[in-house]
Asker: 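What follows is a single structure, and I will ask about it in a moment.
Source: prediction; values computed, not measured.
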Amino acid sequence: AWDWLEMSPPADTSNLWSSVQFRTQSPLAPDELKNYLADSSDTPYETWVTLNPIPASKYNLKTRVRDLTERVVEIKRSHITAALLRDPFDAEQGLLTSQGDINEMLIPWRQLVSNFGDAKYVGSIDMPAGSTNHVFESGNEGIMILWNDETVDEHQFLGSKLSATDIWGRQIDIRPSKLETGGVEQRFEVGKWPIILRGVDIDIVRWRLQFKVNVTHLE
């Protein structure tokens, strides 16, 4: 694979291949990956990337899961055609042990790929408790992934068929709450581990993305 830190392949030789896969010896941080992806957006070939978890010996599990989640989001927001795991059996960055047993990163990887692999990025909306979130569309269904550096109780109406799981696939309780106005919102806990909401109403998300109050002197 082509090293991200090297100059990109010359444009005049791009007819020799239909795609180029990029990598670095140590995985790029999410912000670094975002910058490199932006720089490669106008290439004449498909762009593939290597997507390995960060090393197990240097980072704890929560950091590794959050890092992988954020890089998957950046890839899905970009022009990338494919993201590939270099060696599933690698002790430091793989999903399985060298003997073929399950590694701790296998389930988060599967959750991210199965939920967002074929989804299209829609955007990010403001949440009442400030949770970082990203919304995707898969078929007619909206899917949101979100997390927060603090444990918070988010409250927002996101659709009548909403369900939630954590990054390990366990169900998360969604509590309906009736407002004084007669409306209903949904409450659920968000913390440092990413959670995934399915059944998000894409029309609600797009409305929130596009709605803007131009009058600024209201109390």
Side-chain angles (χ1 to χ4, degrees), residues 1-9 14 16-41 43 45-121 132-134 136 138 143-149 165-170 172 191-196 198:
W2 199 278
D3 197 316
W4 275 119
L5 304 181
E6 301 291 339
M7 293 186 64
S8 297
S14 63
L16 300 180
W17 49 67
S18 59
S19 61
V20 176
Q21 181 178 341
F22 289 90
R23 59 167 289 280
T24 53
Q25 187 66 34
S26 298
L28 296 172
D31 288 343
E32 294 174 324
L33 179 61
K34 180 179 179 179
N35 292 333
Y36 279 101
L37 292 177
D39 290 341
S40 66
S41 60
T43 54
Y45 41 76
E46 288 185 0
T47 302
W48 298 4
V49 296
T50 299
L51 181 63
N52 297 326
I54 53 179
S57 62
K58 296 182 179 180
Y59 302 95
N60 62 39
L61 180 59
K62 188 176 294 182
T63 301
R64 299 180 77 210
V65 170
R66 275 280 295 273
D67 174 84
L68 181 64
T69 300
E70 293 183 40
R71 283 190 287 140
V72 167
V73 169
E74 292 302 334
I75 287 170
K76 293 302 297 182
R77 294 174 67 177
S78 72
H79 61 287
I80 295 300
T81 307
L84 310 173
L85 183 68
R86 181 182 62 82
D87 182 2
F89 298 97
D90 182 79
E92 285 288 298
Q93 299 176 307
L95 307 181
L96 301 165
T97 68
S98 58
Q99 292 76 35
D101 297 325
I102 292 176
N103 194 314
E104 58 189 5
M105 289 298 292
L106 177 62
I107 293 177
W109 173 279
R110 183 191 179 281
Q111 283 286 91
L112 293 168
V113 171
S114 62
N115 281 284
F116 306 107
D118 64 349
K120 295 181 179 179
Y121 188 74
T132 300
N133 67 93
H134 298 278
F136 300 81
S138 179
I143 311 170
M144 176 186 285
I145 188 163
L146 66 167
W147 61 86
N148 199 306
D149 290 333
T165 58
D166 65 13
I167 198 66
W168 307 102
R170 297 173 296 204
I172 292 177
K192 293 181 180 180
W193 292 99
I195 71 170
I196 297 169
R198 295 196 69 108

Asker: Which residue, Lys76, His134, Glu74, forms the side-chain hydrogen bond (donor to acceptor under 3.5 Å, both in side chains) with Tyr121?
Answerer: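 Answer after filtering Lys76, His134, Glu74: His134.
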
Asker: Calculate, to the nearest 0.5 Å, the distance between atoms CG and CD1 belonging to Asn60 and Ile54 respectively.
Answerer: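 Spacing of CG (Asn60) from CD1 (Ile54) equals 8.5 Å.
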
Asker: For the residue pair Phe89 and Thr97, what are the closest heavy atoms and their distance?
Answerer: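 Of all heavy-atom pairs spanning Phe89 and Thr97, the closest is CD2-O, 3.2 Å.
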
Asker: Please assess Trp48 against Glu46 for the test side chain to side chain donor-acceptor pair (under 3.5 Å), listing each intermediate value before the final yes or no.
Answerer: CA-CA 7 Å; Trp48 298 4; Glu46 288 185 0; 3.3 Å; yes

Asker: At their closest point, which heavy atom of Ala91 faces which heavy atom of Asn103, and how far apart are they?
Answerer: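 For Ala91 versus Asn103, the nearest heavy atoms are O-ND2, 4.3 Å.
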
Asker: How far apart are the closest heavy atoms of Ile75 and Ser78, and which atoms are they?
Answerer: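 Taking every non-hydrogen atom into account, O-OG, 2.7 Å.
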
Asker: Any heavy-atom pair between the side chains of Ile195 and Ile167 that's under 4.5 Å?
Answerer: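 No. Closest side-chain heavy atoms not under 4.5 Å.
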
Asker: From Trp2 CH2 over to Phe22 CZ, what is the distance, rounded to the nearest 0.5 angstrom?
Answerer: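 Nearest 0.5 Å value for the CH2-CZ distance: 7.5 Å.
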
Asker: For residues Asn52 and Leu85, determine if any side-chain heavy atom of one lies less than 4.5 Å from a side-chain heavy atom of the other.
Answerer: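 They are in contact (side-chain heavy atoms under 4.5 Å apart), so the answer is yes.
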
Asker: Can you find a heavy atom in the side chain of Ser18 that is under 4.5 Å from one in the side chain of Tyr45?
Answerer: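 Of all side-chain heavy-atom pairs linking Tyr45 with Ser18, none is under 4.5 Å.
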
Asker: Tell me if a side-chain donor or acceptor on Arg66 pairs with a main-chain N or O of Trp193 at a distance below 3.5 Å.
Answerer: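 No, Arg66 side chain to Trp193 backbone: no donor-acceptor pair under 3.5 Å.
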
Asker: For Asp31, does the CG atom sit with more than 12 other heavy atoms under 6.0 Å from it, leaving out its own atoms?
Answerer: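 No.
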
Asker: Distance-only, no hydrogens or angles: does the Thr63 side chain make a donor-acceptor pair with backbone N or O of Tyr59 under 3.5 Å?
Answerer: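 No, because the side chain of Thr63 does not come within donor-acceptor range (under 3.5 Å) of the backbone of Tyr59.
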
Asker: Compare all side-chain heavy atoms of Ile80 with those of Leu37 and state whether any distance is below 4.5 angstrom.
Answerer: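 The answer is yes; the side chains approach within 4.5 Å.
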
Asker: Could you tell me if the side chain of Thr165 sits less than 4.5 Å from the side chain of Ile172, heavy atoms only?
Answerer: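 Counting from C-beta outward, Ile172 and Thr165 never come under 4.5 Å.
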
Asker: Applying side chain to side chain contact (heavy atoms under 4.5 Å, CB included) to Ile145 and Phe136, what does each step give before you reach the verdict?
Answerer: CA-CA 8 Å; Ile145 188 163; Phe136 300 81; 4.2 Å; yes

Asker: Of all the heavy-atom pairs spanning Trp147 and Pro194, show the shortest one and how long it is.
Answerer: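 Residues Trp147 and Pro194, closest heavy atoms: CB-CA, 4.1 Å.
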
Asker: Does this structure show an ion pair linking Asp67 with Lys62, if we count only N-O contacts that are shorter than 4.0 Å?
Answerer: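 Looking at Lys62 together with Asp67, the answer is no, because their closest N to O distance does not fall below 4.0 Å.
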
Asker: Drop me the distance from Leu5's CG to Ser26's OG, to the nearest 0.5 angstrom.
Answerer: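 Between Leu5 CG and Ser26 OG, I get 9.5 Å after rounding to 0.5 Å.
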
Asker: Quick one: are Thr47 and Ser19 in side-chain contact, heavy atoms under 4.5 Å?
Answerer: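 When only atoms from C-beta onward are counted, Ser19 and Thr47 do not touch, as no gap falls below 4.5 Å.
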
Asker: Rounded to the nearest 0.5 Å, what's the gap from CZ on Arg77 to CG on Leu33? Could you check?
Answerer: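 That separation rounds to 11.0 Å.
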
Asker: Any donor and acceptor pair, going by atom type alone, linking the side chain of Asn115 with main-chain N or O of Gln111 inside 3.5 Å?
Answerer: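 Yes, because the side chain of Asn115 sits within donor-acceptor range (under 3.5 Å) of the backbone of Gln111.
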
Asker: Between Glu104 and Arg64, is there a salt bridge with N-O shorter than 4.0 Å?
Answerer: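 A salt bridge links Arg64 with Glu104.
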
Asker: Evaluate the side-chain proximity of Leu68 to Met105: yes if any heavy-atom separation is below 4.5 Å, no if none is.
Answerer: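 Side-chain contact under 4.5 Å: yes.
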
Asker: Mind checking whether Ile196 and Phe116 have side chains closer than 4.5 Å, heavy atoms only?
Answerer: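 Answer yes - side chains close enough.
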
Asker: For a side-chain hydrogen bond (donor to acceptor under 3.5 Å, both in side chains) with Thr50, tell me which candidate from Arg23, Arg86, Gln21 qualifies.
Answerer: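 One option only clears the test, and that one is Gln21.
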
Asker: If you look at every heavy atom in Leu51 and Trp109, which pair is closest and at what distance?
Answerer: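 So the two residues come closest at O-CZ3, 3.3 Å.
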
